[in-house]
Protein chains: 2
Amino acid sequence: MRADARRNRQRILDTAYDVLAAEGVGVPIDEIARRAGVGAGTVYRHFPTKESLIEAVVLDRIHAMTDKARSGIDFTAFFAFMVEAGLANRAIADALASGGYQIPADAEAALNTAFAELLQKAQTAETIRSDITPDDLKALIVGCVATARHRGDTDLVQIVVDGLRP
Amino acid sequence: MRADARRNRQRILDTAYDVLAAEGVGVPIDEIARRAGVGAGTVYRHFPTKESLIEAVVLDRIHAMTDKARSGIDFTAFFAFMVEAGLANRAIADALASGGYQIPADAEAALNTAFAELLQKAQTAETIRSDITPDDLKALIVGCVATARHRGDTDLVQIVVDGLRP
DNA sequence: CGACAAACGGGGCGGGCGTTCCGTATATTC
DNA sequence: GAATATACGGAACGCCCGCCCCGTTTGTCG
């Protein structure tokens, strides 16, 4: 692979990350190309469809979330972290909420596992109600992101966390 | 106004209600026109823009919500009713969540007042934490709709309601 | 029934956006 | 430095959708 090609690929990824986080998945490819200082054709050479570009960007965030869940973080803090991530990154929120973009199965499975372990630990420690499932939590996070976006802050997340106590 | 014009106007409104509820605001006007059995031109004669048609449909729902709030309903039931309404009607959910479509000021004010009174009563009766504002509640409803849509049911709403107790 | 205004329908226009194409430029190799 | 493969940019294409236009139809009224 030529050096300029590799450089451009990285520039596109970095720019796409910023623009998608700020604007969400509705942003035109031309806009990402313009801000990255390349032509639209160059974007399409590296990522065959718009969807594949978004997938590449989202995948990186999924990995970050998985790492966070495995880092020994406390459950409540992780919940807050996820909501912050959704609030800061419209593309992530869209991808999680609508399910329109499918994440590679192994990456999603890894996140799910790390996620379930964290929940299990919190339930064993009786911090969280035992009748909550990982799927429940994902749905609640999606809801908290919507709430936080509507309000502009994450203050109300505490209410949901309170409701999760045994 | 000619009889056929009035009939068509009503058909368009009824159809738009169904289609918007099912598909959300992204649905093309042509689709609404087709299902109503009229041409697109006819839709635009009655409603000068797409936005004005959506507004007309949403306004009707706002009135229904206001009536419900004034009906002496119990707070928790009203909360559930609002979430159900958002779940059943994507256009309502979009309109509430994004704020992209502005509702006539008097209709919105009436809903807000009825809403605040209901909350006030619940707080006086010590059913709901006293530090919650009407705006907080609206944001939480938006979040519950997102959660419910993601899950397909409203089971998790109880968690938020639990978190609202004093 | 006839005349006229009102309403209808759907083809068409314009703008936006995803995607492709190709003439040009540049990195690499010898 | 020449030859070649690789990559670049942005014009162009096709599709979708909101909105408009106008020839045709239909309701209304004397």
Side-chain angles (χ1 to χ4, degrees), chain A residues 1-59 90-92 94-95 98-103, chain B residues 1-59 90-92 94-95 98-103:
Chain A
M1 192 185 223
R2 253 167 60 170
D4 56 344
R6 182 167 22 248
R7 221 180 319 126
N8 273 329
R9 189 190 152 86
Q10 196 56 50
R11 274 191 66 81
I12 290 165
L13 265 177
D14 292 346
T15 306
Y17 176 86
D18 291 343
V19 177
L20 285 171
E23 312 277 340
V25 298
V27 72
I29 287 289
D30 286 22
E31 172 71 10
I32 294 173
R34 200 182 52 75
R35 292 214 213 177
V38 302
T42 302
V43 175
Y44 277 94
R45 199 162 324 97
H46 289 293
F47 303 95
T49 64
K50 180 181 183 180
E51 189 165 337
S52 74
L53 172 58
I54 292 171
E55 202 179 291
V57 169
V58 169
L59 186 58
R90 297 189 93 94
I92 284 284
D94 292 349
S98 74
Y101 294 84
Q102 64 266 48
I103 296 141
Chain B
M1 192 183 225
R2 251 167 61 171
D4 57 342
R6 182 168 19 251
R7 220 181 320 126
N8 273 331
R9 190 190 152 86
Q10 196 57 48
R11 274 190 67 81
I12 291 165
L13 266 177
D14 292 346
T15 307
Y17 178 87
D18 291 343
V19 177
L20 285 171
E23 311 277 342
V25 297
V27 72
I29 287 289
D30 286 22
E31 173 72 11
I32 295 174
R34 199 182 52 76
R35 291 213 213 177
V38 301
T42 302
V43 175
Y44 277 95
R45 197 162 325 98
H46 289 293
F47 304 95
T49 64
K50 181 180 182 179
E51 189 165 337
S52 73
L53 172 59
I54 293 171
E55 203 180 289
V57 170
V58 169
L59 187 57
R90 296 189 94 93
I92 284 285
D94 292 351
S98 74
Y101 294 85
Q102 63 267 49
I103 296 141

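Just so we're on the same page: letters track the sequence lines, and every chain starts at 1.
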Between [X] ([atom1]) and [N] ([atom2]), how many Å, whole number?
{"X": "B:D4", "N": "C:dG9", "atom1": "CG", "atom2": "C1'", "answer": "13 Å"}
{"X": "A:M1", "N": "C:dT26", "atom1": "CE", "atom2": "C1'", "answer": "15 Å"}
{"X": "B:D30", "N": "D:dC16", "atom1": "CG", "atom2": "P", "answer": "11 Å"}
{"X": "A:I29", "N": "C:dT19", "atom1": "CD1", "atom2": "P", "answer": "7 Å"}
{"X": "A:L53", "N": "C:dT19", "atom1": "CG", "atom2": "P", "answer": "10 Å"}
{"X": "A:R6", "N": "C:dT28", "atom1": "CZ", "atom2": "C1'", "answer": "13 Å"}
{"X": "A:K50", "N": "C:dG18", "atom1": "NZ", "atom2": "C1'", "answer": "8 Å"}
{"X": "A:R7", "N": "C:dT26", "atom1": "CZ", "atom2": "C1'", "answer": "11 Å"}

With a 4.0 Å cut-off on heavy atoms, is [X] in touch with a base, just the backbone sugar-phosphate, or nothing at all?
{"X": "B:V27", "value": "sugar-phosphate"}
{"X": "B:A5", "value": "sugar-phosphate"}
{"X": "A:G37", "value": "sugar-phosphate"}

field: A:K50 (side chain) donor-acceptor with A:P28 (main chain) under 3.5 angstrom
entry: no
task: Hey, which sits more toward the 5' end of DNA chain D by its nearest nucleotide, B:A3 or B:P28?
output: B:P28
Phosphate OP1/OP2 of [N]: any [X] side-chain N/O under 4.0 Å:
{"X": "A:N8", "N": "D:dC8", "answer": "yes"}
{"X": "B:R45", "N": "C:dC8", "answer": "yes"}
{"X": "B:H46", "N": "C:dA7", "answer": "no"}
{"X": "B:T42", "N": "C:dA7", "answer": "no"}
{"X": "B:Y44", "N": "D:dC20", "answer": "no"}

- request: Report yes if the side chains of B:I32 and B:L53 come closer than 4.5 Å at any heavy-atom pair, otherwise no.
  value: yes
- request: Decide yes or no for A:E31 and A:R35: does some side-chain heavy atom of the first lie under 4.5 Å from some side-chain heavy atom of the second?
  value: yes
field: From CG (B:L13) to CG (B:D18), nearest 0.5 Å
entry: 11.0 Å
message: I need the A:I54 CD1 to A:I29 CD1 distance, nearest 0.5 Å.
response: 6.5 Å
query: Looking only at N and O atoms, is any donor in the side chain of B:R2 or the base of C:dA6 less than 3.5 Å from an acceptor on the other one?
result: yes
